[in-house]
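Note that these values count all heavy atoms, side chains included, but never hydrogens, waters or copies made by symmetry. Quick note on labels: first sequence line is chain A, next is B, and so on, each numbered from 1.
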Amino acid sequence: MDKWILIDGSSIAFRAFFAMPTLTNAAGIHTNAVYGFATMLLKLIEEEKPTHMLVAFDAGKVTFRHEGYEDYKGGREKTPPELSEQFPLIKELLDALGVAHYELENYEADDIIGTLSRMAEEAGKETLIVTGDKDMLQLVSDRVTVAITRKGISEVERFTPEAIREKYGLTPLQIIDLKGLMGDASDNIPGIPGVGEKTALKLLHEYGSVENVLANAAALKGKMREKVEQHREDALMSKRLATIYREVPLDRGEAEIAYNGYDRPTLAAALRKLGFRSLIERLGLDHAEAGSGAGADAAGGAGPEAAELRIVRQTPETAAELAADKLAEAEAVLIESAGENPHQASLIGVAIVIGDTVHVLTGDVLKSEGAAAVRDWLADPERPKTGYDLHKAALVLGWEGMELNGFGFDVLLAAYLLDPTGGNDALSSLAAKYNQPPVKPDDAVYGKGAKFAVPDEETLAGHLASKADAIRRIAPLQQQELERLGMHRLYYELEQPLSRVLCKMERQGIAVDAEALEENGRELERQIADTIAAIYRLAGTEFNLNSPKQLGEILFEKLGLPVKKKTKTGYSTDAEVLEALEPYHEIIGLILHYRQISKLQSTYIEGLLKEIRKETGKVHTYYRQTIAATGRLSSQFPNLQNIPIRIEEGRRIRKAFVPSEPGWYILAADYSQIELRVLAHISGDERLKEAFLSGMDIHTKTAMDVFGVPADQVDANMRRQAKAVNFGIVYGISDFGLATNLKIARKEAAAFIEQYFAVFRGVRQYMDDIVAKARQDGYVTTLLERRRYLPEINASNYNLRSFAERTAMNTPIQGTAADIIKLAMVKMDAELRDRGLRSRMLLQVHDELVFEVPEDELETMKELVPSVMENAIELDVPLKAEVSYGKNWYEAK
DNA sequence: GATTCTTCC
DNA sequence: CATATGGAAGAATCT
């Protein structure tokens with residue numbers, strides 16, 4: 001005897017999601033609904049022994065029901081992303097189980113099931129429908145049983161016609177009338193207002209159907225009669241909406257949904273990938289996985305095989321084959337370079353995927369006359385290119401005299417947004433992650449460090465081709481993922497446009513006055529020599545001052561100073577320790593001074609001088625857009641985001657940063673307290689918002705509130721302490737951290753924090769909520785939906801967990817601030833272009849933008865820059881940007 | 001390559 | 001009981 005099981009996949013997934021505790025796999029993807037689904041399916045398979053099985057899903061958002069009633073399912077909360085991300089996994093699981101699944105545009109899962117159950121019935125088969133939705137009861141018959149999930153998903157209640165009669169006193173078809181009268185809030189089906197289940201049942205017991213109730217409305221009494229008469233149309237429409245359509249044009253039938261059991265190795269691999277070890281064990285699948293070479297990440301048992309690629313190595317003679325019309329069909333491009341610094345890297349080659357062929361051009365070939373069309377294609381902004389690290393590629397090409405325009409989709413940038421903590425963003429890792437044919441790690445092909453070498457051309461072409469092919473395969477998967485996670489706009493409207501803005505800034509570079517640096521360096525050299533001599537004299541011996549190990553021996557063994565702190569390997573000699581030792585010995589102050597000036601000399605004088613381009617007199621930093629887990633940029637070669645400012649001697653370094661054209665100015669604008677303003681916005685704390693709306697100095701205001709005194713009683717020390725608390729709050733404070741910072745007792749620090757939270761209640765609420773949410777979801781987000789996974793938020797190790805908790809508190813703040821200045825940068829770039837200004841944006845330092853400005857644009861820019869920054873986004877508190885300018889970066893303060 | 005220390009926001 | 005404020009890059013030493 002055949003037995004069909006038809007499952008309402010959407011409804012069961014929903015039930016499972018809310019019934020199961022949070023669960024994530026190694027990749028940080030939620031899997032609780034998948035797990036619930038898996039256990040339920042396995043139980044059904046085991047207990048019911050079905051001969052046919054199908055899981056139906058709702059397709060898109062719009063169905064035929066919307067044609068007559070646009071508000072159908074209106075007002076329904078959108079599916080939580082933590083659930084939507086699980087649907088692909090559920091479908092993979094079904095594939096591994098060998099269970100058919102189906103969805104059809106324009107129809108809901110109900111309709112598909114209704115149609116199949118009708119077919120089963122007509123063929124005389126026995127059918128079990130599994131759902132969480134009572135509507136389905138209308139499908140019950142002598143041969144069709146409906147099982148409705150009850151609390152959780154493991155328990156079900158089975159409905160036969162008798163069961164329905166017993167419970168409701170209705171026939172299965174009358175379930176439709178029931179809903180017609182009472183409506184369904186979750187689907188936004190109106191029914192008759194004021195009629196709930198009780199009244200609806202009473203009416204149906206008396207009159208039998210919606211139509212008959214309406215026909216006999218006159219017989220009803222009082223309010224009831226009024227309501228029924230007023231809402232005749234609603235009732236009829238509701239009945240229509242509630243009726244499951246059983247004539248869906250399906251391209252699946254008995255043959256397609258036949259169930260023949262699952263393949264054990266395949267299922268084992270799928271469960272392993274999901275991280276469901278308990279299920280593997282329960283099913284005794286521990287050693288069922290076939291093959292071992294495919295790697296642990298392989299899905300569906302088989303694992304991806306090496307791609308069959310047709311590789312064409314173009315030469316200067318043949319490259320003309322790649323004409324514009326052919327290039328227009330290109331699906332992906334890889335631009336490979338050698339070297340970390342894109343301003344110095346050399347072009348290795350280019351691989352372009354067109355159909356089933358990958359065309360590979362080495363750097364020389366790309367530069368040859370024959371490849372003119374390829375260069376034109378690369379430079380054409382109207383031809384969007386899908387690639388990997390287009391930002392770096394554009395810079396490398398740029399220095400080789402070629403252009404790259406038309407950033408279509410960037411797999412590196414997308415990988416960063418999808419998981420910014422990454423590290424696993426190399427194409428070799430991404431190919432494995434997305435189950436695509438393997439790509440060799442670059443190290444394996446080129447060697448690393450000093451051994452780096454470009455291999456023979458055939459090996460090289462194979463490697464570049466496999467990378468280009470991986471780009472083509474991965475890009476659409478990432479696009480879907482970005483869409484699914486609501487990060488589409490973050491990618492297309494912020495990060496991708498920003499990558500082009502960054503290229504411009506980097507190519508532009510900032511002029512550095514080498515003479516001034518050298519002069520500064522000579523003076524430092526003298527000071528360093530004097531200081532070293534004095535230190536050796538006091539120490540009574542010469543040693544390597546730059547070696548913490550040797551310094552430790554001198555201080556703690558020879559001079560017998562007290563040991564304050566130890567490192568893994570020995571004595572700590574960091575600034576904090578030395579400051580504590582200052583009263584003990586004259587030498588300490590000198591060492592601190594030495595540390596300070598030698599840092600200036602080595603990093604900022606010598607380091608910077610090395611980075612100046614002889615030809616242009618400029619330094620060209622490289623902003624890295626895919627490094628910082630919070631969404632900030634970082635800066636390399638040289639790092640222009642940590643040029644000294646706090647100490648005057650260091651600050652003078654900034655005098656060497658000058659405009660690149662005579663008579664121009666350096667103009668800088670920085671956000672005032674952007675992180676605390678962001679905190680005020682996202683926490684909604686009234687006190688903090690009010691502080692910013694009042695325009696007062698925030699640390700003074702904090703001191704007033706925390707110490708409960710008027711403004712004129714806040715002394716410098718109170719303000720300093722309030723400032724430290726404010727910083728601590730932003731970073732995810734602990735009493736110990738604040739105590740160290742303020743050099744006070746931990747208890748005192750704890751009291752400060754307690755007092756702060758007592759005043760800024762909204763902030764405490766935010767901190768509690770965000771940690772709870774991170775625990776729930778496994779990730780946190782910024783205002784623009786930038787996401788950071790925190791897998792350790794549920795760790796049993798206190799250290800790991802605490803760190804994750806502080807990260808949960810800090811990342812939305814720091815990340816939102818990063819979102820905002822990035823927005824300002826994209827807008828600023830557009831303004832400069834649209835207004836035809838000659839001023840150029842040169843640097844970003846997290847909350848600051850630096851420009852070079854011709855004199856006649858000073859007035860404009862003094863207004864425009866802060867205005868763009870302040871209006872980059874609207875928060876519940878105003879944003880404030882302060883602008884200044886001068887003949888160099890030092891003067892722009 | 002890891003460790004220590006300093007610089008910035 | 002131990003814990004110990006977020007995010008980065010670079011220079012130097014030492015293993």
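- Across all strands shown, A:Ser635 has heavy atoms under 4.0 Å from sugar-phosphate atoms exclusively, and none from any base.
- Here A:Thr811 lies out of heavy-atom contact (under 4.0 Å) with every strand.
- Across the protein-nucleic acid pair, A:Ile653 atom CD1 and C:dA11 atom C1' stand 15 Å apart, rounded to whole Å.
- When each of B:dC9, C:dG6, B:dC8 is scored by its nearest atom to the side-chain atoms of A:His846, the top-ranked nucleotide is B:dC9.
- Residue A:Val845 is classed as a sugar-phosphate contact, given heavy-atom separations below 4.0 Å to backbone atoms only.
- No engagement by A:Tyr623 is indicated, since no non-hydrogen atom pair under 4.0 Å with the nucleic acid exists.
- Atom pair A:Ile643:CD1 and B:dC9:C1' shows a separation of 13 Å (rounding to whole Å applied).
- Between A:Phe556 and A:Tyr571, the two ring planes are tilted [angle within 30° to 60°].
- With ring centers used as reference points, A:Phe757 lies 6.0 Å or more from A:Phe752.
- As rounded to whole Å, 14 Å separates atom C1' of C:dT5 from atom CD of A:Glu805.
- Set against C:dG6, B:dC8, C:dC14, the side chain of A:Ile645 has B:dC8 as its closest nucleotide.
- The aromatic rings of A:Phe727 and A:His699 lie parallel to each other, their planes meeting at an angle below 30°, with 60° marking the opposite boundary.
- A salt bridge between A:Lys565 and A:Asp574 is present, with a side-chain N of the basic residue lying under 4.0 Å from a carboxylate O of the acidic one.
- Distance CD1 (A:Ile597) to P (C:dA11): 18 Å, rounded to an integer number of Å.
- Comparing B:dC9, B:dC5, B:dT7 by their nearest atom to the side chain of A:Asn642 picks out B:dT7.
- With rounding to whole Å, A:Lys565 atom NZ is found 11 Å from C:dA4 atom C1'.
- In this structure, A:Lys893 is positioned above the aromatic face of A:Tyr890, its NZ or CZ under 6.0 Å from the six-membered ring centre and within 45° of the axis.
- Counting any heavy atom pair closer than 4.0 Å across all strands shown, A:Thr740 reaches no nucleic acid atom.
- When the P atom is compared between B:dA2 and C:dT5, the two are found 25 Å apart, to the nearest whole Å.
- Among the atoms of the strands shown, none is found under 4.0 Å from any heavy atom of A:Ser802.
- The phosphate of C:dA9 (OP1 or OP2) has a side-chain N or O of A:Ser634 nearer than 4.0 angstrom.
- Two rings, from A:Phe543 and A:Tyr536, have their centers less than 6.0 Å apart.
- Out of C:dA9, C:dA11, B:dT6, the shortest distance to the side chain of A:Ile627 is found at C:dA9.
- Side chain of A:Asn741, nearest nucleotide from C:dT5, C:dG10, B:dT3: C:dT5.
- Using a 4.0 Å heavy-atom distance criterion, A:Gln814 is classed as a base contact.
- Taking 3.5 Å as the limit, the base of B:dC8 and the side chain of A:Arg646 contain no donor-acceptor pair of atoms between them.
- Distances shorter than 4.0 Å separate none of the side-chain N or O atoms of A:Asn546 from OP1 or OP2 on B:dC5.
- Considering only the side chain of A:Thr567, B:dT4 comes nearest among C:dA8, B:dT4, B:dT7.
- Between A:Thr603 and C:dG10, a side-chain N or O to OP1/OP2 separation shorter than 4.0 Å is absent.
- Of the candidate nucleotides B:dC5, B:dT7, C:dA11, B:dC5 has the atom nearest to the side chain of A:Thr573.
- For A:His620 and A:Phe637, the ring centers are positioned 6.0 Å apart or more.
- Residue A:Arg806 has its side chain nearest to C:dA4 when only B:dT6, C:dA4, C:dT13 are considered.
- Within a 6.0 Å sphere centred on CZ of A:Arg522, other residues, nucleotides and ligands contribute more than 12 heavy atoms.
- Within 4.0 Å of A:Ala724, counting heavy atoms only, lies no atom of the nucleic acid at all.
- In this structure, A:Ile753 atom CD1 and C:dT5 atom C1' are separated by 9 Å, rounded to whole Å.
- The residue A:Arg651 sits apart from the nucleic acid: no heavy atom pair falls under 4.0 Å.
- Distance CG (A:Asn797) to P (C:dA2): 14 Å, rounded to an integer number of Å.
- Of the listed nucleotides (B:dT7, B:dT4, B:dC9), B:dT4 has the atom at the smallest distance from the side chain of A:Thr569.
- Note on A:Ala629: only backbone sugar-phosphate atoms sit closer than 4.0 angstrom, heavy atoms only; bases stay farther off.
- The side chain of A:Lys549 contributes an N or O atom lying less than 4.0 Å from OP1 or OP2 of C:dT15.
- Ion pairing between A:Glu576 and A:Lys564 fails under the 4.0 Å rule for side-chain N and carboxylate O.
- Distance CZ (A:Phe736) to P (C:dA2): 12 Å, rounded to an integer number of Å.
- The shortest distance between the side-chain N/O atoms of A:Arg632 and the OP1/OP2 oxygens of C:dA8 is not below 4.0 Å.
- On the P atoms, C:dA4 is 16 Å away from B:dT4, given to the nearest whole Å.
- Across all strands, A:Glu675 comes closer than 4.0 Å to no nucleic acid atom at all (heavy-atom distances).
- Taking side-chain N and O atoms only, A:Lys568 has a distance below 4.0 Å to OP1 or OP2 of B:dT3.
- Within 4.0 Å of A:Leu633, counting heavy atoms only, lies no atom of the nucleic acid at all.
- Residue-level contact check: A:Asp735 touches neither bases nor backbone, having no heavy atom under 4.0 Å from any strand.
- Across C:dC14, C:dG7, C:dT5, the shortest atom-to-atom separation from the side chain of A:Gln550 is found for C:dC14.
- Look at A:Arg788 and you'll find a side-chain N or O under 4.0 angstrom from OP1 or OP2 of C:dG7.
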